[in-house]
Each structure stands twice: as structure tokens, then as C-alpha cells.
Asker: 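The structure that follows is given in the form of C-alpha cells.
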Amino acid sequence: MTARIWFAAPPALWPEYEGPLAEALARRGIAAEISTEAPDPAAVDYIVVANGAVTRDFAPFTGAKAMLNLWAGCEKLVGNPTITMPLARMVEPALTAGMVEYVAGHVLRHHLGMDADILGSAGPWSGRAAPPLASERRVTMVGLGALGAAAAQALVALGFPVTGWSRSPRDIAGVRCLSGRAGFAEALSGAEILVLLAPFTPETENLIDAAALARLAPGAVLINPARGQLIDDDALLAALASGQLSHATLDVFRTEPLPADHPFWAEPRITVTPHLAAATRPATASEVIAENVARAEAGAPLLHLVDLSRGY
Ligand code: NAP
């Protein structure tokens, strides 16, 4: 039987996926027809998407066995009521590695106070004291899924005491794991570096508001490679102005690209990175897509299924 796959992700991605996807499917013995044009909906078995790149009525795709997302985030898909087929998000080793590197790099930048030397803000031969050791810097990770758990473990390996917070209880070696609303205040309390890696859902919108920021250690740093909607932007700016936060490194925003007149650009204590923390890589992502097609064809459970009611 031939698996009919519609590659509905942006066409610009197709040249990168064409070869790796065909090879990954062939390795699993799957005969596939892959189309990049919008096909006859009734003749589609699998739809490959890239989060919000396709906002359309999927109801006519009556025979679709799965929708396979190239992105980890799927907030733009979960709200689409016409997606009634199983939806899988992307978890793949290169995406995870990229996020681990981004988080470790930006945590170390702030932990070591690198800006003082790189930007020269401390003046020539400032005589500034050696920074504390990682073991003396409290880090909290909001979200302990595929990315948050991996980043937390990397920080533990560097010596940071890491507290993690998730919706349901987690058990991750070396990480102090808290969960649920009850654990939230405790997870934030006294954190010197706060990293966000939770999805954008109705429950996480504006999670980091004035009250949350007030729980952090004075002069804390916020690093957000998750989604912009997790942060109350006005509360963030106020916390920077008051010194409660000393810096925020932000990779994601409510509106992307971040508009030219957005106040974040004018705030020197905000570092903007243009949603580059972690990219899905075609070679490794194609293996995940092909594996899920193989599983669906065999009637086996899909990897990385999204719980539509939960929103991630
Ligand atoms: P994931 O595996 O689904 O993990 C999500 C984590 O967040 C889980 O630990 C989950 O708790 C927790 N969580 C969800 N809702 C929560 C709530 N209401 N309260 C407390 N914790 C909650 O997701 P992932 O693959 O790690 O990705 C995380 C996010 O990173 C994505 O959704 C995406 O937005 C973002 N991302 C950004 C980039 C970038 O380049 N900037 C790249 C990839 C992904 P449970 O453990 O209990 O489920």
C-alpha cells in the first residue's frame, strides 16, 4: 500500500526535506507518494505541517490518519476544530540539542557576567571579582518536557542547582522537581535565573506576571525561548525598570517579527534573539515523520501525540 503524504509545510522547506524524507520512508519499507500541491483531500493519508503555516479547514481530509508537525510548538494547530485526526508534534535530537545549547549559552552569559568584559561596561581592568560558581547560582526551569528536561539536565551537569516545574509530577535525576499550581510559588522563590520552556496554552498565558516576577531573587535574569505569550510584557518592563530583573533574554514574542516600534528594542536590559533558539533539522526530523507513518501504517501508537484538550 502507498502512503499518500501532503507536505503542507511552507514550500521553501521542501527542498531540504525532499531527499531525507524519501530516504527515511524507504528505510522503513514504506512506499510513499509525497505531494507539495494541495491535493484531493479525500486522497490524503498524512499531512505534514509547520505549526501555524496552514490555517485551513481540514474537515474534508476524511481519510487522514495523522497530522505530523515539524515544530515542537503546536499552539496554532490545537485551536483548529477541524483537526480531528491524531496530531503529533516534533521531538527530535537536533532540535533538543539546539535548545540545550541556547539555554546553556545564555545562562552562562548571565551567570558569568560576560557582558562586563565583552562590552567593556566595567571599564578597563575593572578588577571586578570572580563570579560565583554555578553551584551558588539558583536556576529554575518552567516546563520539564522534551526540551526543558534536557536543558535542566545540562545545567545540572554544569553544576547549577536546578529546580524544575511542570504540570504533572516529574522525576529527573539531579533536578528538584515541583509541579502543579501549588509548586509554582516555591519553584520561583529566590530563583536567580528563570528559564521558560513550557508551551503556550490558556493555562500558561501571562504565567510570568508581576506577582511571579516578584518571587524571584532581586536582580534575577529571565530567559524565554518558549513562547512570548507566557510573559506579561508590561510586568516584565516594570520589573526591569525597578531592578527586580537585571536582564531578560527573549527569543519569542507575541508578535513575530518583533515590531520595530516595540519597547523591547529600546530597553538595553533586554536581549532579543529572532526565534532561533532551536530549529528542527530535516535529516533527524524526517526520521521522526517516517517513524510515525510506519507506526500508523502498522496500527501502532504514534510518537509525541498532542493532547488536544490539554493544548500541548
Ligand atoms: P513538551 O515536551 O510538551 O513539554 C512541555 C512542558 O511544559 C511539560 O513539562 C509540561 O508539563 C509543562 N507544562 C505545560 N503546561 C503547563 C502548565 N500549565 N503548568 C506547568 N507546566 C506546564 O514541550 P517541549 O518539546 O519541551 O517544548 C516546549 C516549548 O518550547 C514548545 O511548546 C515551544 O513553544 C517552545 N519551543 C521554542 C523553540 C524556539 O526556537 N524558540 C523551539 C522549539 C520549541 P508535564 O510534564 O506535566 O506535561
Side-chain angles (χ1 to χ4, degrees), residues 94-144 147-165 174-175 187-188 190-198 208 212-213 216-228 230-231 233 236-237 239-253 256-258 262-279:
L95 177 74
T96 303
M99 186 59 82
V100 167
E101 291 177 19
Y102 180 93
V103 170
H106 286 277
V107 164
L108 284 172
R109 168 194 171 193
H110 295 296
H111 165 62
L112 295 175
M114 288 179 176
D115 287 11
D117 304 310
I118 294 171
L119 304 176
S121 55
W125 198 258
S126 66
R128 75 184 182 101
L133 291 173
S135 59
E136 299 166 288
R137 183 82 69 188
R138 284 160 294 162
V139 179
T140 289
M141 180 74 62
V142 165
L144 291 174
L147 301 178
Q153 284 175 308
L155 295 177
V156 167
L158 286 169
F160 291 98
V162 180
T163 295
W165 183 68
V175 179
L188 298 189
E192 296 170 271
I193 300 180
L194 177 65
V195 184
L196 307 183
L197 271 172
I208 305 304
L213 292 167
L216 305 177
V221 167
L222 174 63
I223 299 174
N224 184 19
R227 285 292 180 265
L230 269 60
I231 298 175
D233 288 355
L236 170 65
L237 288 166
L240 286 165
S242 73
Q244 171 59 11
L245 277 184
S246 61
H247 203 96
T249 293
L250 310 174
D251 187 53
V252 286
F253 307 90
E256 294 181 4
L258 186 64
H262 196 285
F264 285 175
W265 288 118
E267 171 51 78
R269 289 160 292 194
I270 290 180
T271 298
V272 172
T273 58
H275 201 145
L276 50 59

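Quick note: numbers below take in every heavy atom, side chains included, and nothing from hydrogens, waters or symmetry partners. Just so it is clear, the structure is predicted and the values come from calculations on it, not from any experiment.
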Asker: Provide the closest heavy-atom pair for Ala239 versus Ser242 in the form atom of the first, atom of the second, distance.
Answerer: O-OG, 3.2 Å

Asker: Side chain to side chain contact (heavy atoms under 4.5 Å, CB included) with Val156: which residues, sequence neighbours excluded?
Answerer: Val162, Val175

Asker: Any non-hydrogen side-chain atom of His111 less than 4.5 Å from a side-chain atom of Val139?
Answerer: no

Asker: Does some side-chain heavy atom of Leu237 sit less than 4.5 Å from a side-chain heavy atom of Phe264?
Answerer: yes

Asker: For Thr140, check side chain to side chain donor-acceptor pair (under 3.5 Å) against everything at least two apart and list the hits.
Answerer: none

Asker: Please test Ile231 against Asp233 for side-chain contact (heavy atoms from CB on, under 4.5 Å), starting from the C-alpha separation and ending with a verdict.
Answerer: CA-CA 6 Å; Ile231 298 175; Asp233 288 355; 4.2 Å; yes

Asker: Which residues satisfy the side chain to side chain contact (heavy atoms under 4.5 Å, CB included) test with Ala241, sequence neighbours excluded?
Answerer: none

Asker: Determine the minimum heavy-atom distance between Arg137 and Ile193, stating which atoms define it.
Answerer: CG-CD1, 4.0 Å

Asker: Does any part of the side chain of Val272, heavy atoms only, come nearer than 4.5 Å to the side chain of Leu250, both counted from C-beta?
Answerer: no

Asker: Can I get a per-line list of side-chain donor-acceptor pairs under 3.5 Å for residues 217-225, giving both atom names and the distance, sequence neighbours left out?
Answerer:
unit_1	atom_1	unit_2	atom_2	d
Asn224	OD1	Ala226	N	2.9
Asn224	ND2	Arg227	O	3.1

Asker: Who pairs with Glu267 by salt bridge (charged side-chain N to carboxylate O under 4.0 Å, His left out), at least two apart in sequence or on another chain?
Answerer: Arg269

Asker: Within the distance-only criterion (no hydrogens, no angle test), does the side chain of Glu256 pair as donor or acceptor with the backbone N or O of His275 below 3.5 angstrom?
Answerer: no

Asker: Taking only residues two or more places apart in sequence or in another chain, which ones pass ring pair (Phe, Tyr, Trp, His ring centres under 6.0 Å) with Phe253?
Answerer: none

Asker: I want to check something: taking the side chain as every heavy atom from C-beta on, are Ile208 and Leu194 in contact at a cut-off of under 4.5 Å?
Answerer: yes

Asker: Using side-chain heavy atoms (C-beta onward) and a distance below 4.5 Å, is Thr163 in contact with Arg138?
Answerer: no

Asker: Within this structure, what is the CG-CE distance for the pair Leu119 and Met114, rounded to the nearest 0.5 Å?
Answerer: 12.0 Å

Asker: Where is the tightest heavy-atom contact between Asp251 and Ala277, given as atom of each residue plus distance?
Answerer: OD2-N, 3.0 Å

Asker: Tell me, with the steps shown, if Val142 and Leu197 meet side-chain contact (heavy atoms from CB on, under 4.5 Å).
Answerer: CA-CA 6 Å; Val142 165; Leu197 271 172; over 6 Å; no

Asker: Can you list every pair that meets side chain to side chain donor-acceptor pair (under 3.5 Å) and has a residue in residues 117-129, with sequence neighbours left out?
Answerer: Asp117-Arg128

Asker: Give the table of side-chain donor-acceptor pairs shorter than 3.5 Å for residues 98-107, with sequence neighbours excluded, one pair per line with atom names and distance.
Answerer:
unit_1	atom_1	unit_2	atom_2	d
Tyr102	OH	Thr273	OG1	2.8

Asker: Once side chain to side chain donor-acceptor pair (under 3.5 Å) is applied, do any residues pair with Thr271, and if so which ones, sequence neighbours excluded?
Answerer: Arg109, His247

